[in-house]
Chemist: 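I have a structure here, written as structure tokens, and I will follow up with some questions on it.
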There are 2 protein chains.
Amino acid sequence: MAYAEQYIEKLRKSGLRPTKQRIKICEVLFDAENTFHFTIKELVKIIENQANIKVSLATVYNTVHAFMRKGYLKEIPLNASQSYYDTNVTHHHHFFDEEENRLIDIHQDDVDEVNIKRTIPGKKIKSVEVIAKIVSDNQSQK
Amino acid sequence: MAYAEQYIEKLRKSGLRPTKQRIKICEVLFDAENTFHFTIKELVKIIENQANIKVSLATVYNTVHAFMRKGYLKEIPLNASQSYYDTNVTHHHHFFDEEENRLIDIHQDDVDEVNIKRTIPGKKIKSVEVIAKIVSDNQSQK
DNA sequence: TAATACATTATATTTATTCTAAACTGTTGA
DNA sequence: TCAACAGTTTAGAATAAATATAATGTATTA
């Protein structure tokens, strides 16, 4: 709760009113020592477990989208039934373990700069994401 | 229709019965001179427009999934409300134009090999996909 | 502190996708 | 060739994520 002030500041600076729901969501997302991945469903569950306040599903969606627009969160490009979000907004990539449905960060230093030689007239590259799908490495493979 | 024979062959080889619905879907997907991207909804529309036969939505889903399992199609990793599929199953990457909701192929030669230095014990990399999001390049930007 | 613009909420709605169970069809082997 | 079977198609129902709605509540402002 000690961090509430800085979240109020953060929200205000980006033109979002610091409501108690948004501050609570900030605490869940940005108090954590490490960045992490989540789905809306998981986020709702965390809020339910650690908060005394009730936050409606619509608010969670709205807030997550607002935070994305402000660059506090990013969406991980994955074809999953639910969207995955990342509190780590620095430039990095992901392994996706399809067997365990688990995302693992790949630090930027662990991937050579992705250099795309082709350009599209009138467009510029906003972001580059690498998704490496991984599966069990059964030794006994041909 | 001249290609029907080869589709029958293709389906049979992969253990799928060559039904008239599947052959029709093959014609739509693989007769095209160029590879292309599509959503289920778009595929249904194409089939409706160029076929005399009626194919139910469930069959389209089943067939697309069967073709994916066989490696005839692949899914493009994108957080979109609908899944995007690609008839180009060779190793390549994509631009995604968020403003126009448009996918553009990036040929493998236009991207340096993505070399991931990190490994996960017991796992091996199955596929590596690069998604480059592009936006309008307004000259007048700081 | 009143007015107002923005937020939250419960609920309904939308939409993609999956499921179901009955009817149908391609294949196999006699 | 045909019966039997396993795989397939189908319409419609079910599911679930995400979005819209509209009434109520709250932060901001002057």
Side-chain angles (χ1 to χ4, degrees), chain A residues 4-5 7-28 37-45 47-48 51-70 72-73 75-85 101, chain B residues 4-5 7-28 37-48 51-70 72-73 75-85 98 101:
Chain A
E5 286 303 319
Y7 296 134
I8 292 174
E9 194 56 22
K10 179 174 185 165
L11 290 166
R12 234 181 223 124
K13 259 193 266 181
S14 56
L16 299 171
R17 286 188 181 170
T19 62
K20 63 182 194 303
Q21 292 84 349
R22 284 178 178 161
I23 294 164
K24 183 71 224 171
I25 294 172
C26 278
E27 283 172 8
V28 169
H37 310 124
F38 64 94
T39 63
I40 294 291
K41 210 169 141 191
E42 288 164 356
L43 180 54
V44 168
K45 196 170 294 175
I47 295 168
E48 273 176 5
N52 324 317
I53 68 168
K54 163 125 194 29
V55 178
S56 86
L57 195 58
T59 299
V60 177
Y61 274 104
N62 289 341
T63 304
V64 166
H65 286 159
F67 286 0
M68 281 220 293
R69 259 178 270 119
K70 297 303 175 184
Y72 300 159
L73 292 175
E75 199 170 9
I76 300 166
L78 258 192
N79 285 101
S81 54
Q82 310 166 65
S83 291
Y84 279 79
Y85 302 92
N101 242 270
Chain B
E5 286 304 319
Y7 297 133
I8 292 173
E9 193 57 20
K10 179 175 186 164
L11 290 165
R12 232 179 226 129
K13 259 192 264 177
S14 55
L16 299 171
R17 285 191 183 168
T19 63
K20 63 182 194 302
Q21 292 84 347
R22 284 179 178 159
I23 294 164
K24 183 72 224 170
I25 294 172
C26 278
E27 282 170 9
V28 169
H37 310 122
F38 64 94
T39 62
I40 294 291
K41 211 170 139 188
E42 288 164 356
L43 180 55
V44 167
K45 196 171 293 175
I46 298 170
I47 294 167
E48 273 177 5
N52 324 318
I53 67 169
K54 162 124 195 28
V55 177
S56 85
L57 194 58
T59 301
V60 176
Y61 274 101
N62 288 342
T63 304
V64 165
H65 287 161
F67 286 0
M68 282 220 293
R69 258 176 273 119
K70 297 303 174 186
Y72 300 160
L73 292 175
E75 198 170 9
I76 301 167
L78 257 192
N79 284 100
S81 55
Q82 310 166 65
S83 291
Y84 279 78
Y85 302 92
E98 285 181 318
N101 243 271

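Keep in mind that the numbers below use all heavy atoms, side chains included, and drop hydrogens, waters and symmetry copies. Note on naming: letters A, B, ... go to the chains in the order of the sequence lines (proteins, then strands), and numbering restarts at 1 for each one.
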Chemist: Any base atoms under 4.0 Å from Thr59(A), or only sugar-phosphate, or nothing? Heavy atoms, all strands.
Modeler: base

Chemist: For Arg12(B) and Pro18(B), indicate whether the former's side chain and the latter's backbone hold a donor-acceptor pair under 3.5 Å.
Modeler: no

Chemist: Report yes if at least one side-chain N or O of Gln21(A) is closer than 4.0 Å to OP1 or OP2 of dT9(C); otherwise report no.
Modeler: yes

Chemist: In whole Å, what is the span from the OH atom of Tyr61(B) to the P atom of dT20(C)?
Modeler: 17 Å

Chemist: What is the distance, rounded to the nearest whole Å, between atom CD1 of Ile53(B) and atom P of dA11(D)?
Modeler: 12 Å

Chemist: Report yes if at least one side-chain N or O of Ser83(B) is closer than 4.0 Å to OP1 or OP2 of dT17(C); otherwise report no.
Modeler: yes

Chemist: Does dT28(D) have OP1 or OP2 under 4.0 Å away from a side-chain N or O of Arg12(A)?
Modeler: yes

Chemist: Think Arg22(A) has a side-chain N or O under 4.0 angstrom from the OP1 or OP2 of dT8(C)?
Modeler: yes

Chemist: Could you tell me the separation between the CD1 atom of Ile40(B) and the NE2 atom of His65(B), rounded to the nearest 0.5 Å?
Modeler: 6.0 Å

Chemist: Looking at CG of Leu73(A) and NE2 of His37(A), how far apart are the two atoms once the value is rounded to the nearest 0.5 Å?
Modeler: 11.5 Å

Chemist: Can a salt bridge be assigned to the pair Lys24(A) and Glu27(A) using a cut-off of 4.0 Å between side-chain N and carboxylate O?
Modeler: yes

Chemist: Between atom CZ in Phe38(B) and atom P in dA16(C), what is the gap in whole Å?
Modeler: 15 Å

Chemist: Below the 4.0 Å mark, does dA17(D) have OP1 or OP2 next to a side-chain nitrogen or oxygen of Ser81(B)?
Modeler: no

Chemist: Quickly work out the Leu16(A) CG to dT26(D) C1' distance and round it to whole Å.
Modeler: 15 Å

Chemist: Describe the nucleic acid contact of Lys41(B) in one word from base, sugar-phosphate, nothing, applying a heavy-atom distance below 4.0 Å.
Modeler: sugar-phosphate

Chemist: Could you tell me the separation between the CD atom of Gln82(B) and the P atom of dA16(D), rounded to a whole number of Å?
Modeler: 20 Å

Chemist: Whole-Å distance between dG26(C) C1' and Arg17(B) CZ?
Modeler: 5 Å

Chemist: So Leu57(B), base contact, sugar-phosphate only, or nothing? Heavy-atom distance under 4.0 Å.
Modeler: base

Chemist: Expressed in angstrom and rounded to an integer, what is the separation of Asn79(A) atom CG from dT18(C) atom P?
Modeler: 11 Å

Chemist: Let me know, please, whether Pro18(B) or Ala58(B) comes out on the 5' side of the other along DNA chain C by nearest nucleotide.
Modeler: Ala58(B)

Chemist: Taking Leu11(A)'s backbone N and O only, do any of them form a donor-acceptor pair with Ser14(A)'s side chain (distance below 3.5 Å, no angle check)?
Modeler: yes

Chemist: Just the rounded figure in Å: distance from P of dC6(C) to NE2 of His65(A).
Modeler: 20 Å

Chemist: Please work out if Lys54(B) contacts a base, only the sugar-phosphate, or nothing of the nucleic acid, heavy-atom cut-off 4.0 Å.
Modeler: sugar-phosphate

